[in-house]
Enquirer: 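Got a structure for you, questions after.
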Amino acid sequence: MAGRRTNLALLLLLAGAFATGGLAYAIGTGWVRWAVIPHAVLGLAILVLAPWKSAIARRGLARPRPDNWASLAFAVLVSAALLFGIAHSTGALRSVNGYATLNLHVAFAILSVPFAIWHVVARRVAPRRTDLSRRNLLRAAGVLGWTGLGYGAVEAAGRLAGTAAGERRFTGSFEAGSFDPGRMPVTQWLDDAVPSIEGAGWRLTVRTEAGVRTLALGDLERGDRVRATVDCTGGWFAEQDWEGARLDRLLGDPGEARSVFVRSVTGYGRRFPVRDLSRLWLATRAGAEPLSAGHGYPARVVAPGRRGFWWVKWVTEIELSPRPWWLQSPFPLT
């Protein structure tokens with residue numbers, strides 16, 4: 001395969017892998033398969049083209065340039081992202097020194113982005129009309145077709161053999177602590193730490209059109225129950241029986257509000273569409289026992305069908321707002 005066509009193909013594959021990876025990270029319902037499977041296939045296609053790219057890289061590095069270090073850094077970061085992605089998807093390695101391999105996969109991918117942008121600008125390859133020739137399109141379809149078949153074969157073999165890879169949820173996560181909250185991992189987003197909160201002194205502030213209310217922990221013990229799965233972007237999931245208060249019953253008529261904002265004592269927060277109030281819970285218990293500190297005591301959001309970063313822990317404030325729910329970062333920045 002010619003050098004410039006290889007570079008163009010890898011550019012498209014990397015862009016597609018990053019886009020599908022972002023979708024897979026965000027979606028918590030069965031629709032995520034339409035992102036997870038293409039993400040895996042694109043990753044395998046990058047590996048298939050690696051021998052051709054390594055030959056191109058060797059020729060390029062033979063010509064000394066002051067910015068060769070950046071190209072090497074880009075290659076190392078992409079290779080690390082691929083390595084940890086394979087380690088997680090096969091179940092061969094779940095964590096390294098306490099860090100989930102899926103998180104390492106994502107971290108190295110994000111770190112590679114500025115180098116990718118630099119590489120595209122510094123090693124610019126101008127597209128040509130002939131790049132879209134029938135022959136080239138058939139070659140591209142062949143690469144994706146064979147890698148797709150390879151992915152399907154590996155998945156089928158894993159399930160038949162009963163390996164860890166066959167135990168993944170449709171999001172790619174592995175089960176950890178279902179119906180046993182004590183075994184469920186304790187994780188939080190980025191720079192949050194587990195706070196120490198006294199239940200007797202804790203209060204929840206609720207802001208609606210009717211005014212401001214302050215609720216104690218006992219006010220949330222309403223017996224509303226739901227069985228739901230928390231699916232963490234760290235690569236694990238757990239199904240639990242949660243108990244507390246359903247938000248539509250807790251807040252009442254939302255009036256003209258368009259969203260409900262939930263804030264943690266740590267400052268972390270997420271904004272939900274007001275139409276989801278009947279599908280959101282403020283849980284105080286898991287498995288009939290009070291939440292542990294690491295799992296959100298005194299109260300946390302339970303948001304079935306959403307990834308773990310929506311399940312706000314240590315909730316201290318809920319506010320009905322006229323602001324649209326989508327007017328926020330797709331992923332929390334802190």
Enquirer: Provide the closest heavy-atom pair for Ala176 versus Trp236 in the form atom of the first, atom of the second, distance.
Expert: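 Smallest interatomic distance, heavy atoms only, reads CB-CB, 4.1 Å.
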
Enquirer: State whether the side chain of Lys313 and the backbone N or O of Ala299 hold a donor-acceptor pair below 3.5 Å, judged by distance alone.
Expert: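 No, the answer is negative, given that no donor and acceptor are paired below the 3.5 Å cut-off.
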
Enquirer: Which distance, rounded to the nearest 0.5 Å, do you find between the CG of Leu102 and the OG1 of Thr171?
Expert: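 Nearest 0.5 Å value for the CG-OG1 distance: 9.0 Å.
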
Enquirer: Hey, does Phe309 have a side-chain heavy atom less than 4.5 Å from the side chain of Thr233?
Expert: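 Side-chain contact under 4.5 Å: yes.
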
Enquirer: Side-chain heavy atoms under 4.5 Å apart, restricted to Ile/Leu/Val/Met/Phe/Trp/Tyr: what other residues fall into the cluster of Leu83, or is it alone?
Expert: none

Enquirer: Could you tell me the separation between the CZ atom of Arg33 and the CZ atom of Arg169, rounded to the nearest 0.5 Å?
Expert: 9.0 Å

Enquirer: For residues Thr214 and Arg203, report the shortest heavy-atom separation together with the two atoms involved.
Expert: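 Nearest heavy atoms, Thr214 then Arg203: CG2-CB, 3.6 Å.
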
Enquirer: Before giving the answer on side-chain contact (heavy atoms from CB on, under 4.5 Å), spell out for Gln328 and Arg270 the whole-Å C-alpha distance, their side-chain angles and the decisive distance to 0.1 Å.
Expert: CA-CA 8 Å; Gln328 63 183 331; Arg270 293 303 286 167; 3.5 Å; yes

Enquirer: Are Val121 and Phe18 linked, directly or through intermediate hydrophobic residues, by side-chain heavy-atom contacts shorter than 4.5 Å (ILVMFWY only)?
Expert: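 No; tracing contacts between hydrophobic side chains, which count when under 4.5 Å, never links both residues.
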
Enquirer: Return the minimal non-hydrogen interatomic distance between Ser178 and Ala238, and the atom names on each side.
Expert: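 Answer, listing the atom of Ser178 first, then Ala238: OG-CA, 3.5 Å.
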
Enquirer: Do Thr29 side-chain atoms and Gly305 backbone N/O form a donor-acceptor pair below 3.5 Å?
Expert: no

Enquirer: Within a strict 4.5 Å, meaning less than it, do heavy atoms of the His105 and His88 side chains meet?
Expert: no

Enquirer: Heavy atoms only: give me the nearest Ala122-Asp67 pair and the separation to one decimal.
Expert: CB-OD2, 4.5 Å

Enquirer: Using residues 34-50 as the side-chain source, report each donor-acceptor pair under 3.5 Å to any protein atom, sequence neighbours left out, with the distance given to one decimal.
Expert:
unit_1, atom_1, unit_2, atom_2, d
His39, ND1, Ala17, O, 2.8
His39, ND1, Thr20, OG1, 3.2
His39, ND1, Gly21, N, 3.3

Enquirer: State the CH2-OG distance between Trp118 and Ser112, to the nearest 0.5 angstrom.
Expert: 13.0 Å

Enquirer: Would a 4.5 Å heavy-atom cut-off, applied to side chains only, mark Arg258 and Pro273 as touching?
Expert: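 Not touching, per the 4.5 Å side-chain cut-off.
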
Enquirer: For a 4.5 angstrom cut-off between non-hydrogen side-chain atoms, does Thr187 reach Cys232?
Expert: yes

Enquirer: Aromatic contact between Trp242 and Trp311, with the criterion being ring centroids under 6.0 Å apart: yes or no?
Expert: yes

Enquirer: Do Ile117 and Val113 pass the side-chain contact (heavy atoms from CB on, under 4.5 Å) test, and can you show the C-alpha distance, the side-chain angles, and the key distance before you say yes or no?
Expert: CA-CA 6 Å; Ile117 295 172; Val113 171; 4.0 Å; yes

Enquirer: Any side-chain heavy atom of Phe179 within less than 4.5 Å of one from Asp241?
Expert: yes

Enquirer: Given side chains that start at C-beta, do those of Ile56 and Thr6 come closer than 4.5 Å, heavy atoms only?
Expert: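 Counting from C-beta outward, Ile56 and Thr6 do come under 4.5 Å.
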
Enquirer: Are the side chains of Gln188 and Val194 in touch, meaning some heavy atoms are under 4.5 Å apart?
Expert: yes

Enquirer: Go through Val78 and Phe74 one step at a time and tell me if the side-chain contact (heavy atoms from CB on, under 4.5 Å) criterion holds.
Expert: CA-CA 6 Å; Val78 171; Phe74 179 40; 3.4 Å; yes

Enquirer: With the 4.5 Å side-chain cut-off for hydrophobic clustering, are Trp310 and Trp314 part of the same group?
Expert: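 Yes, one cluster joins them.
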
Enquirer: Where the side chain of Arg300 meets the backbone of Tyr297, is there a donor-acceptor pair that is under 3.5 Å apart?
Expert: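 It does not hold such a pair.
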
Enquirer: Is there a path from Phe261 to Val212 through hydrophobic residues (I, L, V, M, F, W, Y) whose side chains come within less than 4.5 Å of each other?
Expert: no

Enquirer: If you measure from the Lys or Arg side-chain nitrogens to the Asp or Glu carboxylate oxygens, is any gap between Glu221 and Arg285 under 4.0 Å?
Expert: yes

Enquirer: Pairs of donor and acceptor atoms involving the side chains of residues 316-323, under 3.5 Å and at least two apart or interchain, shall be tabulated with distances.
Expert:
unit_1, atom_1, unit_2, atom_2, d
Glu317, OE1, Arg263, NE, 3.4
Glu317, OE2, Arg207, NE, 2.8
Ser321, OG, Arg271, NH1, 3.4
Ser321, OG, Arg323, N, 3.0
Arg323, NE, Leu327, O, 3.4
Arg323, NH2, Leu327, O, 2.9

Enquirer: Decide whether a cation-pi geometry holds between Arg94 and Phe174; the criteria are a distance under 6.0 Å from NZ or CZ to the six-membered ring centre and an angle within 45° of the ring axis.
Expert: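 Yes, Arg94 sits over the ring of Phe174.
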
Enquirer: With a 4.0 Å cut-off, would you call Arg249 and Asp224 a salt bridge?
Expert: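 Salt bridge flag = yes for Asp224 with Arg249.
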
Enquirer: Look up atom CG in Leu280 and atom CG in Leu250, then write down how far apart they are to the nearest 0.5 Å.
Expert: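 Nearest 0.5 Å value for the CG-CG distance: 11.5 Å.
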
Enquirer: Between Phe115 and Trp69, how do the two ring planes meet: parallel, tilted or perpendicular, split at 30° and 60°?
Expert: perpendicular

Enquirer: Can you get from Val206 to Val262 by hopping between Ile, Leu, Val, Met, Phe, Trp and Tyr side chains that sit under 4.5 Å apart?
Expert: yes

Enquirer: Just how far is it from atom CZ of Phe84 to atom CG of Asn103, taken to the nearest 0.5 Å?
Expert: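 So the gap between those two atoms works out to 11.5 Å.
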
Enquirer: Mark yes or no for whether Thr229, through its side chain, and Asp231, through its backbone, hold a donor-acceptor pair below 3.5 Å.
Expert: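 No, the answer is negative, given that no donor and acceptor are paired below the 3.5 Å cut-off.
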
Enquirer: Should we count CZ of Arg183 as having more than 12 external heavy atoms under 6.0 Å?
Expert: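 Atom CZ in Arg183 is packed in, count exceeds 12.
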
Enquirer: Is any side-chain heavy atom of Lys53 closer than 4.5 Å to a side-chain heavy atom of Leu10?
Expert: yes

Enquirer: With hydrophobic residues grouped by side-chain heavy-atom distances under 4.5 Å, do Leu204 and Val260 end up in a single group?
Expert: yes

Enquirer: Is the distance between the ring centroids of Phe272 and Trp325 under 6.0 Å?
Expert: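 For Trp325 and Phe272, the ring centres are not under 6.0 Å apart.
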
Enquirer: Using a 3.5 Å distance criterion without hydrogens, assess whether the side chain of Glu239 forms a donor-acceptor pair with backbone atoms of Val230.
Expert: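 Side chain of Glu239 to backbone of Val230, a donor-acceptor pair under 3.5 Å: no, none is there.
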
Enquirer: For Pro324 and Ser259, which heavy atoms make the closest approach, and how far apart are they?
Expert: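 Taking every non-hydrogen atom into account, C-CB, 4.2 Å.
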
Enquirer: Might you point out which heavy atoms bring Val265 and Pro195 nearest each other, and give the distance in Å?
Expert: CG1-CG, 3.7 Å

Enquirer: Counting distance only, does the side-chain N/O of Arg222 pair as donor-acceptor with the main-chain N or O of Arg246 below 3.5 Å?
Expert: no

Enquirer: Out of curiosity, Arg306 CZ to Arg279 CZ, how far, rounded to the nearest 0.5 Å?
Expert: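 Interatomic distance, Arg306 CZ to Arg279 CZ, rounded to 0.5 Å: 8.5 Å.
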
